[in-house]
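As structure tokens, the structure follows; a few thoughts come after it.
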Amino acid sequence: HRQQQQHRQQHRQQQQHGHVSRHSLGLLPSAIASVPFPGAGPEDAEGRTVHHNILCVAGWNDDVREHQLNLMNLNVQKLFGEIDDVPEVSLLSSFTVPRAVVSLDVSQETRGSTMAVAGGDDGALYRLKLSLPTAPGSSPSAIRLDTADIGETDLLEFCRPHRHHVSDVRVHASGEVAVSVSLEGSMCMTDLTSRSSQTVVQCAATSFTQCAFTRSSSSSIVTGSHQGCCVVWDARTPAGRSSASSVPGSSTGTLRMGNGANHVEPVTALATHPSKPHVFVCGGAAGLYKEYDFRYPEGPTFSERVGRDAITSICYENQGSSVERLRFCTEAGSLYKVIQGEGAALVYEEAHTPFTGLAVSPGVGDSQVFCATGAEAMVFLTTQSKYY
């Protein structure tokens, strides 16, 4: 027992500088999302555990010249609760898709089926239905895929709600419905259990770039546009009618992404708060990010500019934690964190390498961050990292 305590202390001293690693993905990633896989089982006799981080990664595989949607696993091996080794990413399943995947999301509900939905640049949606194990320490081999979504080696088209490029798609936590938007000005709701799709909004003057469900219901949606506006919608309003829920105090029903009428930048990233249905944050094409609270009509509750590069992905992490931490990455290869009440802090960067996507493993406590890069790779960081 004394030797085990000494070993534990030595190992923690070795890990005081934390962990960050870079892993090859074998494709140029366009989107990345984390799958809610159960945590590690109990420690073995030597104090070791293995955490499986399951990821959906979409992108272009230049070796075989095809667009792919891949299911991958990054094992994180720990010794006495501290990271000991992180082997290379392993490929669990690979599917071809006919066109480029522009957006990707995975439902975070662990009961029943988990839905991964990808949006293509041809207006189509692709679904991958997963049945996941729930017991801690489960193996990725226990994941089951719905064969109705899969052809011989390809992922079948689920439905085609848009005529053109799907700029963003989000799956509700329940996994039953998805919202998607297009640059053509359409917003659609898709029933993931029946393949039926309904156009909720058609607005030719608006090029939608981002969308997200609020935490209040599956009918409350926030969108961002190329014109620099964020709008709150009620999807229960019939298509063709005015379905924008006016933001209190705003005569236009919109929140503008910029510092005044002469400086409005396109919305390039958007996320809703995990526990506060009235709060969301958006990032812009020139490094500006703002957090809004519907209860306060005066404007954003927080606003800051970080450089001049587009914010490519933004998300909250540590659901249920007392610390509200926000993360976002940029096309300049920078990763930032924001803690409530503080400004943005640069925590990691790669020169001349854009970050194309960001994912945070679900769960509370030892959050793990995955940044997809424009160099066919992924950067992995954890709460134990000096970059955290």
Side-chain angles (χ1 to χ4, degrees), residues 1-23 25 32-57 70-94 106-116 128-146 173-175 274 315 317-323 325 359-371 378-385 388:
H1 180 68
R2 187 180 298 110
Q3 289 178 343
Q4 191 179 60
Q5 285 184 325
Q6 291 174 348
H7 189 187
R8 185 191 298 263
Q9 183 178 4
Q10 291 172 357
H11 186 75
R12 284 179 174 169
Q13 290 173 349
Q14 292 169 0
Q15 290 292 324
Q16 63 182 339
H17 296 299
H19 174 88
V20 60
S21 55
R22 203 168 188 274
H23 304 269
L25 294 174
I32 186 171
S34 180
V35 176
F37 199 74
E43 295 180 351
D44 63 15
E46 296 179 348
R48 297 184 182 277
T49 57
V50 177
H51 295 244
H52 298 288
N53 293 283
I54 310 300
L55 301 165
C56 269
V57 183
N70 295 340
L71 199 61
M72 298 180 165
N73 177 32
L74 180 66
N75 288 331
V76 177
Q77 300 176 12
K78 295 187 176 183
L79 181 62
F80 301 122
E82 308 288 341
I83 291 180
D84 183 56
D85 186 28
V86 183
E88 287 303 306
V89 174
S90 60
L91 182 63
L92 300 178
S93 300
S94 180
V106 177
S107 63
Q108 298 302 307
E109 177 60 67
T110 56
R111 293 172 295 179
S113 298
T114 296
M115 300 289 190
L128 186 61
K129 184 177 179 181
L130 306 95
S131 295
L132 304 174
T134 57
S138 295
S139 168
S141 61
I143 298 175
R144 297 292 179 261
L145 305 178
D146 191 333
S174 65
C315 65
E317 66 166 301
N318 259 1
Q319 295 190 22
S321 171
S322 59
V323 177
R325 184 179 285 110
V360 177
S361 63
V364 180
D366 187 18
S367 292
Q368 301 180 99
V369 182
F370 311 90
C371 289
M378 174 185 71
V379 176
F380 168 64
L381 307 96
T382 76
T383 53
Q384 298 173 354
S385 169
Y388 193 77

For [X] against [Y], the heavy-atom pair lying closest together:
| X | Y | value |
| --- | --- | --- |
| E43 | G47 | OE1-CA, 3.7 Å |
| F80 | E46 | CZ-O, 3.7 Å |
| A173 | S107 | O-CB, 4.0 Å |

- To the nearest 0.5 Å, how far apart are NZ in K78 and CG in D85?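 With rounding to 0.5 Å, NZ (K78) is 13.0 Å from CG (D85).
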When you compare the side chain of [Y] with that of [X], does any pair of heavy atoms fall below 4.5 Å?
| X | Y | value |
| --- | --- | --- |
| D84 | R48 | yes |
| L55 | M378 | yes |
| L71 | L130 | yes |
| K129 | L145 | no |
| L132 | S113 | no |
| N53 | S361 | yes |
| Q77 | V86 | no |

For [X], side-chain contact (heavy atoms from CB on, under 4.5 Å) partners two or more places apart:
| X | result |
| --- | --- |
| N75 | V50, H52, N73, P87 |
| R22 | E350, T353, T373, A375, A377, V379 |
| S94 | Q68, N70, L91 |
| P136 | none |

- Apply side chain to side chain contact (heavy atoms under 4.5 Å, CB included) to the pair Q368 and L381, showing each step before the final yes or no. CA-CA 6 Å; Q368 301 180 99; L381 307 96; over 6 Å; no
- Would F370 and L74 satisfy side chain to side chain contact (heavy atoms under 4.5 Å, CB included), going step by step from the backbone distance to the final call? CA-CA 10 Å; F370 311 90; L74 180 66; 3.9 Å; yes
- Item | Among V20, V76, V369, I83, side chain to side chain contact (heavy atoms under 4.5 Å, CB included) partner for T382 |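 With T382 as partner, side chain to side chain contact (heavy atoms under 4.5 Å, CB included) holds for just one option, I83.
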- Steps toward ring pair (Phe, Tyr, Trp, His ring centres under 6.0 Å) verdict (H51, F37): CA-CA 9 Å; H51 295 244; F37 199 74; over 10 Å; no
- Query: So V360 and S34, side chain to side chain contact (heavy atoms under 4.5 Å, CB included) or not? Walk me through it.
  - Reply: CA-CA 6 Å; V360 177; S34 180; over 6 Å; no
- Task: Could you go through the side chain to side chain contact (heavy atoms under 4.5 Å, CB included) check for I32 and C56 one step at a time?
- Result: CA-CA 6 Å; I32 186 171; C56 269; over 6 Å; no
